[in-house]
Amino acid sequence: MLLTKEIAVYLNLVACRFKQYTANLLKKNNIGLTPEQFLTIDILWNQGPMPQYRIAEAMQKDKNSVTNLVDALEKKQLVERLRDKNDRRSNLVTLTPKAEAMKNETKQFGISMLDDMLKGIDEKELQSFLATLKKIDQAMLDGRLSEEGSDL
């Protein structure tokens, strides 16, 4: 039982520390984005324009938080909302040319940051760690799904 508690504490601690670490490096390197803004743009770089609700799903954030993120990115002229031609009730969030222009350098920065953070850990350990994280994530998803199906 103690091991389980220690794992829970460290998962939370590492998640918080990772966010702080990333924020500090983004600021130090004049990237001009918060970790959440970086993640939002990275999702759009990888998947292309999408409605805000899909960004919220990808980031596991509520829709209001994503609205605030998109608003902030719009003020920085990195994204814009365009009317979805297939669903006129919906807007697609799309990257501006300014965001596209910073793609290669910013993505490389992110990769280098992660490489520096993970150096000294061999690939086998990283693969095992990733597999364990995926199992934990799936267990939480399974638990959420069973809770949603209950009448309690």
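Quick note: residue numbers are just sequence positions, from 1.
Other residues sharing the hydrophobic cluster of Leu118, ordered by chain and number and joined by side-chain separations under 4.5 Å: Ile121, Leu126.
Across Glu80 and Thr96, no two heavy atoms sit closer than the pair N-CG2, 4.2 Å. Closest non-hydrogen pair, Ile41 versus Leu73, comes out as CD1-CD2, 3.6 Å. Summarising the geometry of Tyr21 relative to Met113, their closest heavy-atom pair is CE2-CG, 3.9 Å, with the distance given to 0.1 Å. Asp62 approaches Asn64 most closely through the heavy-atom pair OD1-N, 3.1 Å. The nearest pair of heavy atoms linking Met102 to Leu33 is CE-CD1, 3.9 Å. The two residues Ala99 and Leu78 make their nearest non-hydrogen contact at CB-O, 3.2 Å.
Phe109 and Ile43 fall within a single hydrophobic cluster, where Ile, Leu, Val, Met, Phe, Trp and Tyr are joined by side-chain heavy atoms under 4.5 Å apart, directly or via other members. One hydrophobic cluster, built from ILVMFWY side chains closer than 4.5 Å, holds both Leu26 and Leu95. With hydrophobic clusters built from ILVMFWY side chains whose heavy atoms lie under 4.5 angstrom apart, Val79 shares a cluster with Val66. By the criterion of side-chain heavy atoms lying less than 4.5 angstrom apart, applied directly or through intervening Ile, Leu, Val, Met, Phe, Trp or Tyr residues, Met140 is grouped together with Phe129 in one hydrophobic cluster. Hydrophobic cluster membership is shared by Met117 and Phe38, with clusters built from Ile, Leu, Val, Met, Phe, Trp and Tyr side chains linked at under 4.5 angstrom.
Asn46 and Lys107 form a side-chain donor-acceptor contact under 3.5 Å, judged by distance and modelled atom types alone. Side-chain atoms of Asn104 and Gln108 form no donor-acceptor pair, as typed in the model, at a separation below 3.5 Å.
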Criterion side-chain contact (heavy atoms from CB on, under 4.5 Å) on Gln52 and Val70, from CA distance to verdict = CA-CA 8 Å; Gln52 282 184 208; Val70 172; 3.9 Å; yes
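Heavy atoms from other residues, nucleotides or ligands lying under 6.0 Å from CD of Glu100 number more than 12. Taking a 6.0 Å sphere around NZ of Lys103, one finds it holds more than 12 heavy atoms contributed by other residues, nucleotides or ligands.
Lys28 places no side-chain N or O within donor-acceptor distance of the main-chain N or O of Ala23, the cut-off being under 3.5 Å. Looking only at distances, a side-chain donor or acceptor of Asn29 sits under 3.5 Å from a matching main-chain atom of Leu25. Between the side chain of Gln37 and the backbone N or O of Thr34 there is at least one donor-acceptor pair closer than 3.5 Å. In terms of modelled atom types and a separation under 3.5 Å, the side chain of Lys61 and the main chain of Ile55 share no donor-acceptor contact.
Separating the NZ atom in Lys134 from the OG1 atom in Thr132 is a distance of 11.0 Å, to the nearest 0.5 Å. Between the OG atom in Ser90 and the CG atom in Leu82 there is a gap of 11.0 Å [rounded to 0.5 Å]. For the atom pair CG (Leu44) and OG1 (Thr40), the distance works out to 7.0 Å, reported to the nearest 0.5 Å. Between the NZ atom of Lys119 and the CG atom of Asp116 there is a distance of 5.0 Å, given to the nearest 0.5 Å. In this structure, Met59 CE and Leu69 CG are separated by 5.0 Å, a value rounded to the nearest 0.5 Å. Remark: Asp137 CG to Asp142 CG distance equals 9.5 Å, nearest 0.5 Å.
The shortest distance between side-chain heavy atoms of Glu74 and Asp71 falls below 4.5 Å.
Residue Gln127 forms a side chain to side chain donor-acceptor pair (under 3.5 Å) with just one option from Lys124, Glu125, Glu123, and that option is Glu123.
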